[in-house]
Asker: 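Can you keep this structure in mind? I'll have questions shortly.
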Amino acid sequence: MRKLYIETYGCQMNVNDTEVIFSILSEHGYQRTESIDEADVIMANTCSIRDNAEQRIWGRINQFNIQKKKRRATIGILGCMAERLKDALLESGKVDVVAGPDAYRSLPDLLEAAADGHPQINVELSREETYGDIKPVRVDTNGVSAFISIMRGCNNVCSYCVVPYTRGVERSRDASTIVREACDCFQNGYKEVTLLGQNVDSYYFDGINFANLLARVAEISPLLRVRFSTSNPQDISDEVIETMARYDNICKHIHLPVQSGSNRILEKMRRRYTREWYLERVAKIREVLPECGLTTDVIAGFCSETEEDHKETLSLFEEVVFDTAFMFYYSERPGTLAARKYPDDVDIETKTRRLNEIIELQGRMSLKSYRRDIGKTFEVLVEGPSKKTDKELCGRASNNKMCVWPDTEHKAGDYVTVEVMDCTSATLICREKK
Ligand code: 5AD
Ligand code: SF4
């Protein structure tokens with residue numbers, strides 16, 4: 001048995017990919033270890049979404065090389081950064097194996113060949129690979145909530161985004177394998193599955209669309225919660241929203257990245273919707289699902305963004321009142337449409353200042369959104385003890401907000417009814433409702 005250590009960076013999709021990698025390699029004589037000091041193979045499943053994500057990983061590669069010298073460990077770089085940088089990673093002399101997101105089935109061969117001291121690379125992208133038949137080895141989970149990939153790749157080509165280049169064209173996984181995996185999870189004690197894709201609304205396999213798939217997974221058991229991510233404003237359909245309304249166990253939360261509030265910038269970003277369209281979708285969601293949680297992503301300081309454009313983003317945030325937002329400043333990614341077509345012309349001070357203004361505003365909006373829940377009653381799925389004390393439990397309400405409450409009776413995986421007493425801008429402070 002060779003000991004295998006993997007660090008995962010980036011999105012939930014990468015977390016699930018790491019589980020697929022453990023599954024593939026465990027069939028070939030590799031055993032997982034959590035300790036880098038005893039590993040024979042050290043790998044990072046990487047992210048390229050912004051430059052600082054890659055810089056962090058370069059730092060880790062240098063650290064790995066200290067281990068490599070000490071213990072002759074094999075170093076592997078997987079995922080998006082492997083796909084983007086390809087040979088450049090091998091040329092650094094610090095990496096033995098480079099494998100892109102569609103090349104994980106070849107990892108056993110690559111590792112074996114690299115063991116002779118010949119660096120190996122496979123960054124071929126596929127039109128078909130979905131790893132649909134592979135049963136992920138869920139290792140770092142809380143045993144309550146599992147990720148299930150339903151598709152891979154992306155056909156959207158937003159001008160700032162590296163993902164279509166690193167993860168290739170969009171393809172949907174066979175629905176029957178998804179339902180089987182969700183059933184398996186439920187039988188193994190999981191109480192929540194999150195269906196993952198870059199653009200879940202364009203899921204389509206053999207006559208089954210995303211709304212149909214959601215319904216099928218929801219029908220496994222009323223005790224299995226279903227979540228999903230990510231939706232795109234131009235594609236989220238009334239059918240999906242209405243399907244959410246039909247099933248109590250489909251959680252009422254939508255992550256709907258807006259990226260900018262300015263139509264001029266949205267067009268340059270190649271987002272195929274306008275501010276008005278986005279606001280209409282939000283209105284529809286809130287009409288059909290009044291208690292639905294809503295979160296977003298936003299980019300400050302995209303190419304040519306003016307003060308005017310930035311103010312439109314701020315006003316959209318005031319208007320919508322998201323529960324939470326993931327906020328970034330624009331980082332140019334080589335090879336993307338924006339990098340080829342538009343100068344990265346907003347200086348770093350301005351980007352940072354605008355980002356901070358969005359963060360400050362969103363802080364107030366989060367508090368506003370969380371305060372609206374005071375006095376409400378929620379069914380919460382227990383994830384485990386709270387961060388502060390083991391006399392308190394934490395878990396999410398259907399709307400995805402984190403709840404904490406004093407409790408020494410229940411355990412992870414139980415459903416508990418709580419009443420919201422107070423809040424911060426990120427947590428609902430509750431008590432159990434008996
Ligand atoms: N620069 C900054 N943020 C980016 N994102 C994607 N590409 C970039 C980039 N080049 C953000 C988007 C996306 C989230 C996952 O990362 O907001 O929704
Ligand atoms: Fe995930 Fe995108 Fe990062 Fe790739 S680049 S790991 S798809 S967030």
Side-chain angles (χ1 to χ4, degrees), residues 8-17 46-57 79-81 83-85 101 147 149 151-167 170 194 196-202 228-236 254-262 265-266 268-273 275 278 281 294-305 309-310 313 316-317 320 322 324-348 350-356 358-359 362:
T8 306
Y9 295 85
C11 59
Q12 297 169 336
M13 188 83 77
N14 256 17
V15 173
N16 189 232
D17 279 2
T46 62
C47 175
S48 286
I49 197 93
R50 284 169 289 275
D51 185 55
N52 56 11
E54 287 196 357
Q55 292 312 323
R56 220 173 116 212
I57 293 159
C80 289
M81 201 171 152
E83 193 61 51
R84 197 180 83 72
L85 295 175
F147 295 131
S149 294
M151 57 209 296
R152 297 182 73 82
C154 186
N155 283 354
N156 272 344
V157 215
C158 302
S159 66
Y160 51 82
C161 188
V162 76
V163 175
Y165 305 92
T166 61
R167 285 188 170 265
E170 181 182 287
T194 303
L196 297 178
Q198 296 296 341
N199 187 8
V200 289
D201 301 285
S202 56
F228 58 88
S229 185
T230 299
S231 307
N232 272 330
Q234 70 271 24
D235 295 319
I236 186 164
I254 299 178
H255 183 62
L256 200 64
V258 66
Q259 312 300 4
S260 169
S262 149
I265 294 296
L266 286 171
K268 286 195 123 165
M269 288 178 161
R270 281 245 220 149
R271 299 289 285 175
R272 294 167 292 121
Y273 57 89
R275 172 192 179 96
Y278 188 91
R281 289 286 81 190
L294 201 61
T295 56
T296 201
D297 294 345
V298 66
I299 301 176
F302 184 66
C303 313
S304 86
E305 188 189 73
D309 295 316
H310 169 58
T313 298
L316 183 133
F317 270 59
V320 175
F322 296 107
T324 312
F326 299 94
M327 301 163 276
F328 314 101
Y329 65 69
Y330 174 59
S331 163
E332 185 177 85
R333 308 313 292 130
T336 54
L337 195 74
R340 283 179 274 141
K341 229 172 134 183
Y342 309 124
D344 180 9
D345 54 3
V346 178
D347 59 71
I348 186 70
T350 308
K351 280 182 183 171
T352 317
R353 194 241 318 137
R354 288 182 188 163
L355 176 61
N356 285 335
I358 301 173
I359 293 173
Q362 181 51 39

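When a ligand or atom number is given, it counts from 1 through the structure's own listing order.
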Asker: With atoms numbered from 1 as shown, which atoms in ligand 1 lie under 4.0 angstrom from a non-hydrogen atom of Q259?
Answerer: 12 (C), 13 (C), 17 (O), 18 (O)
Asker: Considering only NZ, NE, NH1 and NH2 on the basic side and carboxylate oxygens on the acidic side, decide whether D17 and R167 come within less than 4.0 Å.
Answerer: yes
Asker: With a cut-off of 4.0 Å, which atoms of ligand 1 are near a heavy atom of R50?
Answerer: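 Reading through ligand 1 atom by atom, the close ones are 1 (N), 2 (C), 3 (N), 4 (C), 5 (N), 11 (C), 16 (O).
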Asker: If we set the cut-off at 4.0 Å for heavy atoms, which region of T230 has an atom near ligand 1: side chain, backbone, both, or neither?
Answerer: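 For T230, there is no contact with ligand 1 at all, from either part.
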Asker: So which bit of F328 gets within less than 4.0 Å of ligand 1, heavy atoms only: side chain, backbone, both or neither?
Answerer: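 Answer for F328: side chain.
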Asker: So is there a nitrogen or oxygen of S331 less than 3.5 Å from a nitrogen or oxygen in ligand 1?
Answerer: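 Yes, at least one N or O pair falls under 3.5 Å.
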Asker: Counting heavy atoms not belonging to R353, are there more than 12 under 6.0 Å from its CZ?
Answerer: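 Above 12, so yes.
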Asker: Less than 3.5 Å apart, any donor N or O on the side chain of R272 or N156 sitting next to an acceptor on the other?
Answerer: yes
Asker: Kindly confirm or rule out a cation-pi arrangement of R50 over F328, judged by NZ or CZ under 6.0 Å from the six-membered ring centre and within 45° of its axis?
Answerer: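 Yes.
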Asker: Once the angle between the rings of F302 and Y160 is folded into 0 to 90°, is it parallel (under 30°), tilted (30 to 60°) or perpendicular (over 60°)?
Answerer: perpendicular
Asker: I'd like to know whether ligand 1 has F326 as a neighbour, heavy-atom separation below 4.0 Å.
Answerer: no
Asker: Look at atom 18 (O) of ligand 1 and find which of D297, V258, V298, I299 reaches it with the closest heavy atom.
Answerer: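 Among D297, V258, V298, I299, the closest heavy atom to atom 18 (O) of ligand 1 belongs to D297.
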Asker: Just checking, any donor-acceptor pair under 3.5 angstrom between side chains of E170 and S202?
Answerer: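 Note: E170 and S202 side chains meet the donor-acceptor criterion.
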